[in-house]
Colleague: 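Can you keep this structure in mind? I'll have questions shortly.
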Amino acid sequence: MKHKTALITGATSGIGLATARLFARNGVHLILCGRRTDRLKEIASEVGKHTQVHLLSFDVRNKNDVFELLGSLPHPFSEIDFLINNAGNAHGLDPIQDGNTEDWDAMLDINVKGLLYVSKAILPKMIERGTGHIINIGSTAGKEVYPKGNVYCASKHAVDAINQGMRLDLNGTGIKVGAINPGLVATEFSEVRFKGNTSRAENVYKGFTPLQAEDIAEVIWFAITRPPHVNIADLTVMCLDQASSTIVNKRQE
Ligand code: NDP
Ligand code: 8X3
């Protein structure tokens with residue numbers, strides 16, 4: 001592939017990090033985003049051996065930072081070919097009646113509004129250039145609702161709707177829009193959901209073989225390397241042991 005530039009949100013761990021590594025090995029120039037600056041620097045020194053890297057440390061909830069930082073990207077990073085809207089997490093796993101309102105705010109502000117802010121900041125240049133590709137990382141939680149998943153599922157259903165809405169509104173602009181919806185992937189996701197309770201987090205992925213972040217990175221790579229006339233609009237990926245959000249073939253250990 002000719003030299004291209006990708007902006008990846010949530011590049012400091014999990015799916016975003018695996019995607020950064022894969023893109024770098026393939027020579028894609030990278031704008032890597034996340035809040036943890038120390039991690040961004042470590043990752044830059046690793047992937048910087050393969051490609052050019054620009055780091056941006058900000059919280060996607062901070063509208064001013066999003067528009068200021070993404071609106072003043074230095075050349076040659078200002079022309080973005082691929083936007084990977086990946087930053088996000090679940091916060092808590094509680095019945096709706098016991099839900100923590102701060103968790104609700106975090107999920108809706110990060111997973112939904114953060115994705116919208118970043119997209120709005122990047123879109124004008126893509127429209128001007130008549131080309132670009134947005135990959136929205138949704139979830140099986142955006143396709144069905146599971147017990148105690150309430151607001152996280154709502155945030156990912158919103159990503160599903162935004163993905164469809166973007167594709168409708170951007171039709172004719174030359175910009176591709178598609179969602180990749182993973183099932184269970186062993187990342188830091190559950191550690192964040194359970195607020196650092198590692199044994200509870202590890203338990204989520206015990207007794208079966210979950211997806212790895214690299215599996216999703218490869219699917220993203222597949223999506224962005226299709227011929228110009230092909231757009232992967234919406235793709236769900238689960239591990240062999242998962243049939244739905246609630247049906248997972250777990251061995252007793
Ligand atoms: P991780 O926790 O490993 O990664 C989450 C990433 O999002 C981190 O890089 C984190 O960076 C970033 N992030 C979180 N909050 C913010 C914020 N406020 N501002 C900027 N960046 C933020 O989880 P995953 O890799 O699993 O998650 C990536 C995406 O995949 C999410 O959208 C998640 O919902 C989705 N997903 C995950 C699945 C799974 O089972 N793991 C399944 C389906 C979808 P930092 O903390 O440095 O800011
Ligand atoms: C992450 C998958 O099932 O933990 O989006 O919600 S799940």
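For reference, positions follow the sequence shown, starting with 1. Both counts, for ligands and for their atoms, begin at 1 and track the order of listing.
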Colleague: Purely on distance, is any nitrogen or oxygen of V185 under 3.5 Å from one on ligand 1?
Modeller: yes

Colleague: Which of the atoms of ligand 1 are close to L184, meaning less than 4.0 Å from one of its heavy atoms?
Modeller: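 Numbered from 1, ligand 1 contributes 40 (O).
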
Colleague: Using a heavy-atom cut-off of under 4.0 Å, does the side chain or the backbone of K156 touch ligand 1, or both, or neither?
Modeller: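 For K156, only side-chain atoms sit under 4.0 Å from ligand 1.
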
Colleague: Regarding K195 and E102, does a basic nitrogen lie under 4.0 Å from an acidic carboxylate oxygen?
Modeller: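 Salt bridge between K195 and E102, a charged N being under 4.0 Å from a carboxylate O: no.
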
Colleague: Show which atoms of ligand 1 fall inside a sub-4.0 Å distance from at least one heavy-atom site of F58.
Modeller: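 Those of ligand 1 that fall under 4.0 Å from F58 are 19 (N), 20 (C).
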
Colleague: So, regarding R35 and ligand 1 (criterion: nitrogen or oxygen to nitrogen or oxygen, under 3.5 Å), is there a contact or not?
Modeller: yes

Colleague: If you count the atoms of ligand 1 from 1 in the order shown, which ones are under 4.0 Å from a heavy atom of I15?
Modeller: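 Result: 25 (O), 30 (O).
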
Colleague: Side chains of T19 and N86: donor-acceptor distance under 3.5 Å anywhere?
Modeller: no

Colleague: Evaluate V60 for polar contact with ligand 1, using N/O atom pairs at a separation under 3.5 Å.
Modeller: yes

Colleague: With heavy atoms of Y146 as the reference, note each atom of ligand 2 found under 4.0 Å away.
Modeller: 3 (O), 4 (O), 6 (O), 7 (S)

Colleague: Is any side-chain heavy atom of V151 closer than 4.5 Å to a side-chain heavy atom of S155?
Modeller: no

Colleague: Report, in ascending order of atom number, the atoms of ligand 1 lying under 4.0 Å from any heavy atom of A11.
Modeller: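 Checking each atom against A11, I get 9 (O).
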
Colleague: Below 3.5 angstrom, do we get any N/O pair linking T187 and ligand 1?
Modeller: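 Yes.
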
Colleague: Using a 4.0 Å heavy-atom threshold (strictly under), name the region of A141 that reaches ligand 2: side chain, backbone, both or neither.
Modeller: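 Contact part for A141 vs ligand 2: side chain (C-beta onward).
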
Colleague: Check each atom of ligand 1 against the heavy atoms of P182 and keep those under 4.0 Å away; list them by number with element.
Modeller: 42 (C), 43 (C), 44 (C)

Colleague: Charged N to carboxylate O under 4.0 angstrom, D81 versus R129?
Modeller: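 Answer for the salt bridge query: yes.
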
Colleague: My understanding is that we take every heavy atom of each candidate and find the minimum distance to atom 2 (C) of ligand 2. Doing that for S139, S155, C153, which one comes out nearest?
Modeller: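 It is S139 whose heavy atom sits nearest to atom 2 (C) of ligand 2.
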
Colleague: Below 3.5 Å, N or O to N or O, backbone or side chain included: is there any such pair between Y152 and ligand 2?
Modeller: yes

Colleague: Got the closest protein heavy atom to atom 10 (C) of ligand 1, with its distance?
Modeller: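 Result for atom 10 (C) of ligand 1: T12 OG1, 3.7 Å.
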
Colleague: Which ligand 1 atoms does E188 reach within 4.0 Å, using its non-hydrogen atoms?
Modeller: 2 (O), 3 (O)

Colleague: So which of S13, G16, G10 gets nearest to atom 4 (O) of ligand 1, if we judge by its closest heavy atom?
Modeller: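 Nearest heavy atom to atom 4 (O) of ligand 1 lies in S13.
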
Colleague: Would E188 and R39 pass as an ion pair if we require N to O under 4.0 Å?
Modeller: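 A salt bridge links E188 with R39.
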
Colleague: Show the atoms of ligand 1 that are less than 4.0 angstrom away from any heavy atom in G138.
Modeller: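 Within the 4.0 Å cut-off of G138, ligand 1 contributes 43 (C), 44 (C).
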
Colleague: Which ligand 1 atoms are under 4.0 Å away from a heavy-atom of Y152?
Modeller: 33 (C), 34 (O), 36 (N), 44 (C)

Colleague: Looking at ligand 1, is there an atom of it that comes within less than 4.0 Å of some heavy atom belonging to A18?
Modeller: no

